[in-house]
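Before anything else, here's the structure in question.
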Amino acid sequence: MKATMDKLVNLCKGRGIIYPGSEIYGGMGNTWDYGPVGVEIKNNIKRAWWKRFVQESDNSYGVDAAILMNSRVWEASGHTTSFSDPKMDCKFCKTRHRADNLIEAHSKGKVNPDTMTNEEMEAYIREHHVTCPKCGKSDFTPIRTFNLMFETSRGVTEEGQNVVYLRPETAQGEFVNFLNVQRTTRTKVPFGIGQIGKAFRNEITPGNFIFRTIEFEQMEHQWFCKKGTDGEWYDYYKKAAWDFLVDLGFDPSHLRYKDHDKLAHYAKAACDIQYLFPIGWSELNGIHNRTDYDLSRHSEFSGKNMEYADPVTGEKYIPYVIEYSIGADRLMLAALTEAYDEELLDNGETRIVMHFSPAIAAYKAAVLPLQKNLGERARAIYRRLAKSFMCTYDEAGSIGKRYRRQDEIGTPYCVTVDFDTEKDGTVTVRDRDSMQQIRIDADKLEEYISDKIRF
Ligand code: GAP
C-alpha cells in the first residue's frame with residue numbers, strides 16, 4: 001500500500017477533496033470540511049450503503065431522526081453515565097491522552113487495554129514507563145473519565161434552561177422509532193431500520209485526519225429479530241458488512257474481523273471489521289448483537305410498551321437487535337487509502353492515481369476539448385452527460401496535464417473531443433486505470449459510462 005497519511009492529507013487539500021475546518025482562522029482541531037470533489041465521493045459512499053442496506057434489503061426501511069433528542073433517551077441508553085474515555089494528562093507538557101491508546105501504542109498492539117480496569121491501566125503505564133508521545137516524559141496524572149457527549153441547553157431564560165445533547169450516535173433515533181416504523185409500514189419482525197446522519201463526540205485524542213473527528217456521519221442499520229434467530233442474523237450481517245466493502249473495491253487482504261475481547265454488559269456478541277489504514281489495523285465498522293437491551297431500556301424509561309405482537313401466533317416479545325454501524329468519514333478515509341497509487345510510467349514520470357470504484361468516484365467522466373476552439377462541441381457533450389451523472393469539464397493546459405488532474409481525483413473516464421469529432425461524431429474515451437483509449441460514437445457515451453458506474 002502506498003498511501004501515507006501525509007500524502008492523503010496533501011492530495012485531499014490540493015484537489016478539493018477535504019480541507020482543514022475553519023482554516024482561515026487557524027483551523028479547529030479534529031474538524032474537516034469536504035470540498036467539491038470530496039462531497040461527491042462521500043455522497044456516493046452514502047448512496048451505495050443506502051442502496052445495499054435499505055433499498056435492496058428485503059425488509060428494511062429508512063428514517064432520518066432529529067439530532068437533538070429528549071435527554072431521557074441518553075439516560076435510557078446509558079450514555080449519560082458511561083459514555084466516557086479514560087483520560088490522563090502528561091504532568092510535564094500538559095497534553096491529554098487516552099490511557100488505552102498509550103498502552104496499545106506502547107505494546108504495539110500486543111496488550112489489549114479493553115480488558116483492563118482503570119487501576120490496571122495506571123499500573124501498566126507506571127510499571128512499563130510508558131512515555132508521553134509529545135514530550136517523551138513518563139509522568140501522568142491518575143485516570144479521569146470524561147463524558148464524550150457535547151452538551152448544549154434549551155430555553156430562553158436561564159432558569160428555564162434544560163440540558164440537551166448532540167447525539168453521539170444515530171442508533172437511538174432508530175430504536176425510539178421502532179414502534180412507529182413497524183406500525184406505519186405494517187411490517188413483521190424480522191425487519192430493519194437504517195439511518196445516515198451526523199453524530200458528535202468530544203474526542204480529545206489526535207484525530208488522524210478524518211479517522212476520528214468530533215463531528216462525523218454514521219451509517220447505522222438495526223435489524224430487529226426474534227430471540228433465538230439472533231445468532232444467525234449476527235453472522236449474516238458480519239458477512240454482509242464484509243461483502244459491501246469488497247464490492248466497493250476493497251482488497252480482502254486489507255480487511256480482517258476482530259472479535260471484541262470485552263463485551264458491553266448487554267451485548268451477546270460484538271466484532272469489528274478492521275482495515276489496514278496508514279496508522280495500522282484499526283476499526284472500520286462494528287457489528288453487535290445488542291440483545292433486547294435497547295428496546296427494553298426505552299420501554300422502562302419512557303413507560304411505553306415496546307413489545308411486538310406476532311400477528312400469527314399472538315406471542316408478544318421485545319425483539320433482539322443486530323446492529324451494523326459504520327462511519328461514512330472513516331469509510332471515506334479507507335476508500336482514499338485503498339485507491340491511492342503511485343505508478344512509474346514508461347517515460348520515467350510518476351503518476352498519482354486514485355483507483356476508486358467508479359460507483360464512488362466524484363466525477364464519472366471529464367470532458368476535455370483537445371483545443372479551446374472545440375469547446376462548443378465539447379460543452380454540448382458535457383451538458384448531455386451531466387443530465388445522467390456528475391461530470392466535469394476542463395479545457396486548461398495540455399491534454400497530458402488534464403489527464404493527470406483527473407487521475408488524481410479518480411475520474412474513471414476522460415472523454416476527449418478532437419477534430420475527428422467534428423467530422424464523424426466520435427470521441428476518445430480514456431480509461432483511468434489502464435490508460436487505454438477507445439473511440440466511440442458520442443451518442444453512445446451515456447450508455448457506455450452508465451453501464452460501468454452501476455453499484
Ligand atoms: N451505535 C454504535 C456505535 O456508535 P461505535 O463503534 O462507537 O458504535 C460506530 O461507532 C462507527 O462509527 C465506528 O466503527 C466508526 O466507523 C465510526 N466512528 C465512531 N467514532 C468516530 C469518530 N470520532 N470519528 C469518525 N468516525 C467515528
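Both ligands and their constituent atoms are indexed starting at 1 by order of listing. Every heavy atom of this structure was used, including side-chain atoms; hydrogens, water molecules and symmetry mates were not.
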For atom 11 (C) of ligand 1, what is the nearest protein heavy atom, given as residue, atom name and distance? S325 OG, 3.7 Å
To which protein heavy atom is atom 25 (C) of ligand 1 closest, and what is the distance rounded to 0.1 Å?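 The protein heavy atom lying closest is F211 O, 3.2 Å.
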Answer yes or no on whether R330 is positioned over the face of F211, meaning its NZ or CZ is under 6.0 Å from the six-membered ring centre and within 45° of the axis.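 Flagged: R330 positioned over aromatic ring of F211.
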May I ask you to check whether Y237 and D235 show a side-chain donor-acceptor distance below 3.5 Å? no
Nearest to atom 18 (N) of ligand 1, what protein heavy atom do you find, and at what distance?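 Minimum-distance protein heavy atom for atom 18 (N) of ligand 1 reads F216 CE1, 3.6 Å.
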Donor-acceptor pairs under 3.5 Å, side chain of residues 121-138 to any protein atom, not counting sequence neighbours: which ones?
| from | atom 1 | to | atom 2 | distance (Å) |
| --- | --- | --- | --- | --- |
| E122 | OE2 | I143 | N | 2.7 |
| H128 | ND1 | Y124 | O | 3.0 |
| S138 | OG | V130 | O | 2.8 |

When you check the side-chain N and O atoms of Q274 and E283, is any donor under 3.5 Å from an acceptor?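 The answer is no; no qualifying pair exists.
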When you compare ligand 1 with R290, is there at least one nitrogen or oxygen pair between them that comes in under 3.5 angstrom? no
Has K238 got its NZ or CZ under 6.0 Å from the middle of the six-membered ring of Y257, at an angle within 45 degrees of the ring axis? yes
Side chain, backbone, both or neither: which part of R212 has a heavy atom under 4.0 Å from ligand 1?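 Under 4.0 Å from ligand 1, R212 contributes backbone and side-chain atoms.
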Got a salt bridge between R212 and E203, using NZ or NE/NH1/NH2 to carboxylate O under 4.0 Å? yes
Determine, considering heavy atoms only, which of Q218, E215, R167 sits nearest to atom 12 (O) of ligand 1.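 The option holding the nearest heavy atom is Q218.
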Test of understanding: given a 4.0 Å heavy-atom threshold, classify the contact between T213 and ligand 1 as side chain, backbone, both, or neither. both
Ligand 1 to P168 polar contact by distance, N or O atoms, under 3.5 Å: no
Mind checking whether T170 contacts ligand 1 via backbone (N, CA, C, O), side chain (CB onward), both or neither, at a 4.0 Å heavy-atom cut-off?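 Looking at T170 and ligand 1, no heavy atom falls under 4.0 Å.
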Under 4.0 Å from a heavy atom of E220: which atoms of ligand 1 are those, numbered in the order shown and with their elements?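 So the atoms of ligand 1 that pass are 1 (N), 2 (C), 3 (C), 4 (O).
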Should you measure from each heavy atom of A171, which atoms of ligand 1 turn up under 4.0 Å away?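 That gives atoms 1 (N) of ligand 1.
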Under 4.0 Å to a heavy atom of N285 - the qualifying atoms of ligand 1, by number: 14 (O)
Ignoring hydrogens and geometry, is there a side-chain-to-backbone donor-acceptor pair from T145 to K87 under 3.5 Å?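 Side chain of T145 to backbone of K87, a donor-acceptor pair under 3.5 Å: no, none is there.
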If only side-chain N and O atoms count, and only distance matters, is there a donor-acceptor pair under 3.5 Å linking E323 with H221? no
Qualifying side-chain hydrogen bond (donor to acceptor under 3.5 Å, both in side chains) pairs, either residue in residues 191-201, two or more places apart: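 Every side-chain hydrogen bond (donor to acceptor under 3.5 Å, both in side chains) pair that includes a residue of residues 191-201, provided the two are not neighbours, is K198-E215.
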If we only consider heavy atoms of D329, is any one of them less than 4.0 Å away from an atom in ligand 1?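 The answer is no: ligand 1 sits nowhere under 4.0 Å from a heavy atom of D329.
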Ranking R201, E323, H288 by closest non-hydrogen atom to atom 5 (P) of ligand 1, top hit is R201
Looking only at distance, does I326 have an N or O less than 3.5 Å from an N or O of ligand 1? no
Heavy atoms only: which of H260, M332, E283 lies closest to atom 13 (C) of ligand 1? E283
Using a distance-only test with no angle check, is there a side-chain donor-acceptor pair under 3.5 angstrom linking T350 and E342?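 No.
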